[in-house]
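For reference, the structure is listed below as structure tokens.
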Amino acid sequence: MSTSEQAAIGKLNTNAASNGTLFKLVIFSLSLGIVPLTSYYGSLHYLWNGNSTFAAITAIVAANIVLIAYIILSILEDKQSSQSPTRISAQALESKKER
Amino acid sequence: MSVCPPYAPFFGFAGVASAMVLSTIGAAFGTAKAGIGIAGLGTFKPELIMKSLIPVVMSGIIAVYGLVVSVLISGALTPEGYPLFAGFIHLGAGLACGFTGLTAGYAIGIVGDACVRAYVQESKVFVSMVLILIFAEVLGLYGLIVALIMNSKVAGGVGDICYS
């Protein structure tokens, strides 16, 4: 690989790492703590009228929804990032051929 | 032999503590072991890190199971009108959730470490990794279900037998 291709892919990796990844991870860590507790107490008072078993089931379903959302988000991000580096390397190869 | 001795809340609080402590031990082991594999993967392919953090998030879910059972049990503890029957049930519920969380976290850690290392070389390992992790987490869910079923026996308030 030439140095320009290496530099381009390196820059893409740092961009992908600094853009949204850390922010998404912080959001998911906070929601994994906040969502079950708020759904437990909220559904205990407003949905189930004090039945604590149903409130616990609601909290568990909410926590699993956060988990499934994380899995789907990570699969989508991987599909996005796997399309763009192939375009950049294809452009670099074309520019080399034109010279 | 009284039905509601004053030392009955000891067993209730032991159930609360064991649910939280034991499931957190399992979640910590799962996070640590999977984190070793992710650190190894990160040196080769840093763009795969978001997908390889799934074992860590699943270990967090195991700790959330223990947290929900602790909150559920501690909501029913009172100093007056707390029969020993309720204390034993709360202890059993806490131990059921705690020990199953410990086993689920152990499985998630070892499977997460091995599968994340294999994901560097073969990308089709991802689907089987998620499937195995789901089966490992369902073990913790079984303990939670048993804890909920046990707790529902005293959820309606059985303090009346103290005063009969």
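In what follows, every chain begins at residue 1, and chains take the letters A, B, ... in the order their sequences are listed. Please read all numbers here as calculations on a predicted model, not as lab measurements.
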Donor-acceptor pair between B/H90 and B/Y82 side chains, under 3.5 angstrom: yes
Give, as side chain, backbone, both or neither, the part of [X] having an atom under 4.5 angstrom from any heavy atom of chain A.
{"X": "B/L141", "result": "side chain"}
{"X": "B/V68", "result": "side chain"}
{"X": "B/L53", "result": "both"}

Greatest number of heavy atom pairs closer than 4.5 Å to chain A - which of B/V130, B/L144, B/N151: B/L144
Residue, of B/L72, B/L148, B/V56, that accumulates the most heavy atom pairs under 4.5 Å with chain A: B/L72
Which portion of A/F28 sits near chain B, non-hydrogen atoms under 4.5 angstrom: neither
Proximal component of A/L44, with respect to chain B [non-hydrogen, under 4.5 Å]: neither
Pi-cation contact, B/Y119 with B/K51 (under 6.0 Å, within 45°): no
Closest contact, heavy atoms only, B/I110 versus B/F29: CG1-CE2, 4.2 Å
Residue pair B/S52 / B/I49: nearest heavy atoms and the distance that separates them: OG-O, 3.0 Å
Top contributor to chain B interface from A/N64, A/L73, A/N51 [non-hydrogen pairs under 4.5 Å]: A/N64
Residue selection (most heavy-atom pairs with chain B, distance under 4.5 Å) from A/L37, A/T53, A/I57, A/L67: A/L67
Worked verdict on B/I62 versus B/I108 for side chain to side chain contact (heavy atoms under 4.5 Å, CB included): CA-CA 10 Å; B/I62 295 293; B/I108 288 175; 4.0 Å; yes
Worked check of side chain to side chain contact (heavy atoms under 4.5 Å, CB included) between A/S43 and A/W48: CA-CA 6 Å; A/S43 62; A/W48 307 116; 3.7 Å; yes
Exceeds 12 heavy-atom contacts within 6.0 angstrom, atom CD of B/E80: no
